[in-house]
Protein chains: 2
Amino acid sequence: MTRRPAPGTRQRILKTAARLFGERGARAVGMQEVVEETGLGKSVLYREFSSKDDLVAAWVRELDAETWSHMDQALAPYEGDPARQLLKVVEFAQASVQAPGFYGCTFYNTSAEFRDPAHPGRQEAVAHLDQLRRRLRDLALAARATDADALADMLMLIISGLYANAATLGSSGPAGRATAAARILIDQHIAPAHQVGRERERDSC
Amino acid sequence: MTRRPAPGTRQRILKTAARLFGERGARAVGMQEVVEETGLGKSVLYREFSSKDDLVAAWVRELDAETWSHMDQALAPYEGDPARQLLKVVEFAQASVQAPGFYGCTFYNTSAEFRDPAHPGRQEAVAHLDQLRRRLRDLALAARATDADALADMLMLIISGLYANAATLGSSGPAGRATAAARILIDQHIAPAHQVGRERERDSC
DNA sequence: ATCAGTCCGGACCGATCGGTCCATTGTTGG
DNA sequence: CCAACAATGGACCGATCGGTCCGGACTGAT
């Protein structure tokens, strides 16, 4: 007797929201436009997501999950070589800014658009960045970096800078130097097992 | 016979706009609120600035001028030592994120909030970042870096990453490693004879 | 075929957006 | 002291914001 909700609705909304929010910014896109683009009615959207803030948070969380999934795939071939994986994280980020449809890092953009620390979308974004930091630190520890925290944070700077510069000055600007910079920083903190003492010559302090 | 406009009005509006836009983001603040905070009427604001976009652009341009002024002061003591000046630029940025009332880099935030390349505020922001890149390159050239373009762009990554991380994870996060990372990259690109002086102790090595 | 019961498109709501305009105020030259 | 006129504060405008709600459409059990 009861009519059943159409399946896949939530994902369809999220896909549309990702496109619109990502391209023009979440604040610049109204809920009306999201509704029109999906072809659904407002009541459906507000059944799936309690508010716009909720939709923004869901969008960010979805991208968080996708990002880790893709990154795990990119890192898998170098399992057991954490130093190489550290560099691969940067290469992965650098490749992503070259892709068509890159309009800046969603996590950084969302933080810029929603300054209130209590905003659920911002919280998701910050949580993602914090997790990235932790993953880099774990890799740096596994790679026996002389100072794993320092190396992880320096690579965070490179990655964030890569995204920020790609979004403003384009992917052919400073963003193009990300992996080269990362290599220098990694070499500085990790001694190749077969080349002991190499970092000593550089490290004159 | 004719009544004369009150002087200093424009600067007063700009100061108020800078506070509100900087703290909560330009998109989150309405013109009505700017008007109320200044204590003036809307007609005055719209006589000085033709539109909100115009006000945003004027705000960014003002901050652009202030930034170069302050940076020139910070760099002046090291005139003739471009390698030291390169590091000083990063130190200057790192100090600025520690200041109370830091809510992220205005230039990156504005780019994130206004994605349309034609937006005057975004254009001002991009112009500022491009000029920063050029200044770094000029310093790198003067310091006889082995690859001045590469060094300048890598420092751009560090500075951008510093701002992005300070805005999201706080000034005690990865942002704290900016000068240390910059030192490594500078050392890597500048021959010992021209290297940064060692008078200051290093955070990590 | 019937009808109860759920779903959903879109009309609608008050609030707020950026921007305009006018009645009032205040100043200044004669 | 007054008349003339620019500067001003804030009422007001249409558009759009996020969010609610209802009447018709559709489903599935009988």
Side-chain angles (χ1 to χ4, degrees), chain A residues 1-21 23-60 110 113-116 118-122 124, chain B residues 1-21 23-60 110 113-116 118-122 124:
Chain A
M1 68 173 72
T2 69
R3 191 182 172 190
R4 313 249 301 286
T9 301
R10 191 180 172 91
Q11 282 303 313
R12 185 166 157 198
I13 297 170
L14 277 175
K15 193 178 170 187
T16 302
R19 179 167 52 85
L20 296 176
F21 289 171
E23 185 167 337
R24 309 217 309 274
R27 272 204 128 104
V29 176
M31 292 296 263
Q32 185 61 44
E33 189 172 355
V34 176
V35 161
E36 285 166 1
E37 287 285 314
T38 56
L40 301 172
K42 269 200 173 184
S43 55
V44 175
L45 198 158
Y46 276 93
R47 173 164 50 72
E48 298 293 333
F49 305 96
S50 65
S51 67
K52 184 179 183 180
D53 288 353
D54 188 36
L55 175 58
V56 170
W59 161 55
V60 175
T110 302
E113 288 200 293
F114 302 97
R115 306 289 181 83
D116 181 0
H119 191 286
R122 184 190 174 92
E124 291 288 341
Chain B
M1 139 186 343
T2 69
R3 190 182 174 190
R4 313 245 299 286
T9 300
R10 192 180 171 89
Q11 282 303 314
R12 187 168 156 196
I13 296 171
L14 277 175
K15 193 177 169 186
T16 301
R19 179 167 52 83
L20 296 176
F21 289 171
E23 186 167 335
R24 309 217 309 274
R27 272 203 128 105
V29 175
M31 292 297 264
Q32 184 61 43
E33 189 173 354
V34 176
V35 161
E36 285 167 2
E37 287 286 313
T38 56
L40 302 171
K42 270 199 172 184
S43 56
V44 176
L45 199 158
Y46 276 93
R47 175 164 47 73
E48 298 293 335
F49 305 95
S50 64
S51 67
K52 183 179 183 180
D53 288 353
D54 188 36
L55 175 58
V56 169
W59 160 54
V60 175
T110 302
E113 288 201 293
F114 302 97
R115 306 290 179 81
D116 181 0
H119 191 287
R122 186 192 173 91
E124 291 287 342

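Proteins get letters first, then strands, A, B, ... in listed order; numbering begins at 1 in each. Any value given below was found using the heavy atoms of this structure, including those in side chains, with hydrogens, waters and symmetry copies removed.
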| task | Report yes if at least one side-chain N or O of A:Arg47 is closer than 4.0 Å to OP1 or OP2 of C:dC7; otherwise report no. | result | no
| task | Just jot down the salt bridge (charged side-chain N to carboxylate O under 4.0 Å, His left out) partners of A:Glu33, sequence neighbours excluded, or say none. | result | A:Arg24
| So, do B:Asp53 and B:His119 sit near enough that their side-chain heavy atoms are less than 4.5 Å apart? | yes
| task | Rounded off to whole Å, could you give me the CD1-to-C1' distance for the A:Ile13 and C:dC7 pair? | result | 14 Å
| query | For the pair made of CD in A:Glu36 and P in C:dG9, what is the distance, rounded to whole Å? | reply | 13 Å
| field | A:Phe21 vs A:Thr110 side-chain heavy atoms within contact, under 4.5 Å | value | no
| query | Backbone N or O of B:Met31 within a donor-acceptor pair of the B:Lys42 side chain at under 3.5 Å? | reply | no
Find every protein N or O atom lying less than 3.5 Å from an N or O atom of nucleotides 15-19 of chain C, and list the pairs.
{"unit_1": "C:dG18", "atom_1": "OP1", "unit_2": "B:Lys52", "atom_2": "NZ", "d": "2.5"}
{"unit_1": "C:dG18", "atom_1": "OP2", "unit_2": "B:Met31", "atom_2": "N", "d": "2.8"}
{"unit_1": "C:dG19", "atom_1": "OP2", "unit_2": "B:Tyr46", "atom_2": "OH", "d": "3.1"}
{"unit_1": "C:dG19", "atom_1": "OP2", "unit_2": "B:Lys52", "atom_2": "N", "d": "2.7"}
{"unit_1": "C:dG19", "atom_1": "N7", "unit_2": "B:Lys42", "atom_2": "NZ", "d": "2.6"}
{"unit_1": "C:dG19", "atom_1": "O6", "unit_2": "B:Lys42", "atom_2": "NZ", "d": "2.2"}

| task | Give a yes or no answer on whether the side chain of A:Arg27 reaches the backbone of B:Glu113 with a donor-acceptor pair at less than 3.5 Å. | result | no
